[in-house]
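Notes for the one structure printed next.
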Amino acid sequence: MNTASYTASPGIPPVLRFAPSPTGLLHVGNARTALYNALFARREGGTFILRYDDTDTARSTAAFAEAIAEDMDWLGIVPDRVEHQSARLGRYDESVERLKALGRLYRAYESEEELDAKRVSRRRRGLPPIYDRAALKLGAADHARYEAEGRRPHWRFKLIGRQATWTDLVRGEQAVDTATLSDPVLIRADGSYLYTLTSVVDDIEMGVTHVVRGEDHVTNTGVQIEIIEALGGAVPVFGHHNLLTLPSGEGLSKRLGHLSLRALREQGEEALAVASLAVLTGTSLAVEPVADLDALAAKIDFGKISRAPARFDPAELSALTAASLHQLPFGAVAERLAALGVGGGEAFWLAVRGNLVRLSDAALWWGVVSQPLEPHAAPEDAPFLAMAAELLPPEPWDEGVYPRWIAALKPASGRTGKALFHPLRLALTGAGSGPELKALLPLLGRERARARLLGERG
Ligand code: GLU
């Protein structure tokens, strides 16, 4: 199969999902998975489901679920459908009954300590440390005895033990030999369901056509294909992308709060830059600013994702944030500028955007344009600046005023280059570098410009 040119089957709108567990803040690696799914669905006219894997009630919290919704919103991902596994327990009960009736679920009573001891002993004997299926031999009398002892069973899925194969969107032909795996526990002793079961039931019932997730799930896929087939579901297309790491090469951890979207947002990184880098890092595609998420969606190509883990570089992100700001149209930032108290409309935005590292820098430049500034000029430049003030053209001002002014000032002062421009910039803006004076001057207005050139607070 030519993965590089992969698109969804013609005429069948794909259904994809992102299934985070609300047990921590999303990091850029989670964003990578979310974006591959959401943007592929969007590009192919499909459906994108945000599904909270929240059956682990000990670790899931409503606060983390809210934070996930907020982060997705910040990235610009709008799910077509939102599901919570905790609200679907009845659906899992039904599937469990079917698996029991098929003889594919069996009770086991070993404690964690007993399982550990078995693993150690198998290793010592040179055997793979998988579950020995001792519980398969238990009869009704054994069950009764365990129950009388107060033990509650957990339930394991009986694997057939065969090569589970699929054509992976990213990795091509894949095979997992389920004979080398432990029969997975699908129901804990406290009756709660594990992700392996709930995820499969949901994928079948929600008509998920493509499961795109991190390569840490490759082995699970072997197991899940067996469960899907046991339940009579259609096996979706799988794609396992490489994982992102810290610059040190250490894997990202939600629990340790590595590179969380929230922290990156608070640092002032642009959502579009985070999204672009999360999608493009670890692929053979060039990292470059994109106009919007649709442009990023157009670039997604599962065949171009590398197989090796990829380092996410925060320095590269800051550079991409700046580059993204430099090309953003006013309409894309107007609301956020207003929230920062920045006025000046499109003219101000176009004047300063090329000098921003973070969007909040716009507020600094807005202060320079709209608030009085302490005098900055060097005393030896005072006569030159007084001449410059005299030569300021009369208002009304537009972008043509600056070249006209300089054309008069140059011959009158005999100055050129840095000796001409630097004192003007310093007096007018209080800084040695910044946005083009051509664009700033009309925003300052004649009165303010004149005061600053004359060394007055203005
Ligand atoms: N909750 C799982 C995870 O975050 C979902 C994996 C999947 O997509 O199936 O790893």
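Along the sequence shown, residues are numbered consecutively beginning with 1. If you're wondering where the values come from, they're calculated on a predicted model, not measured in any experiment. Hydrogens, waters and symmetry mates are skipped; everything else that's a heavy atom, side chains included, is used.
Side-chain atoms of I305 and E215, non-hydrogen and from C-beta on, never get closer than 4.5 Å to each other. Inter-residue side-chain proximity for V28 and T281 is flagged as unmet; no heavy-atom pair is nearer than 4.5 Å. In this structure, the side chains of V78 and F48 stay at 4.5 Å or more apart for every pair of heavy atoms.
A donor-acceptor pair under 3.5 Å links the side-chain atoms of R43 to the main chain of I300, judged by distance alone. Not a single donor-acceptor pair under 3.5 Å links the side chain of R353 to the backbone N or O of L325. A donor-acceptor pair under 3.5 Å is formed between the side chain of H27 and the backbone N or O of N30. Checked by atom type and distance alone, the side chain of D183 never pairs as donor or acceptor with a backbone atom of R156 at under 3.5 Å. Judged by distance alone, the side chain of R88 and the main-chain N or O of V201 form no donor-acceptor pair under 3.5 Å.
Remark: R122 engages no residue in a side chain to side chain donor-acceptor pair (under 3.5 Å) (not counting sequence neighbours).
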Could you pull out all donor-acceptor pairs under 3.5 Å where a side-chain atom in residues 334-341 meets a protein atom, sequence neighbours excluded?
| unit_1 | atom_1 | unit_2 | atom_2 | d |
| --- | --- | --- | --- | --- |
| R336 | NH1 | E270 | OE1 | 3.1 |
| R336 | NH2 | E270 | OE2 | 2.8 |

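Ionic pairing of E149 and R151 is present here: one or more N-O contacts between side-chain nitrogen and carboxylate oxygen are shorter than 4.0 angstrom.
Classification of the Y106-Y131 ring pair by plane angle, with boundaries at 30° and 60°, yields parallel.
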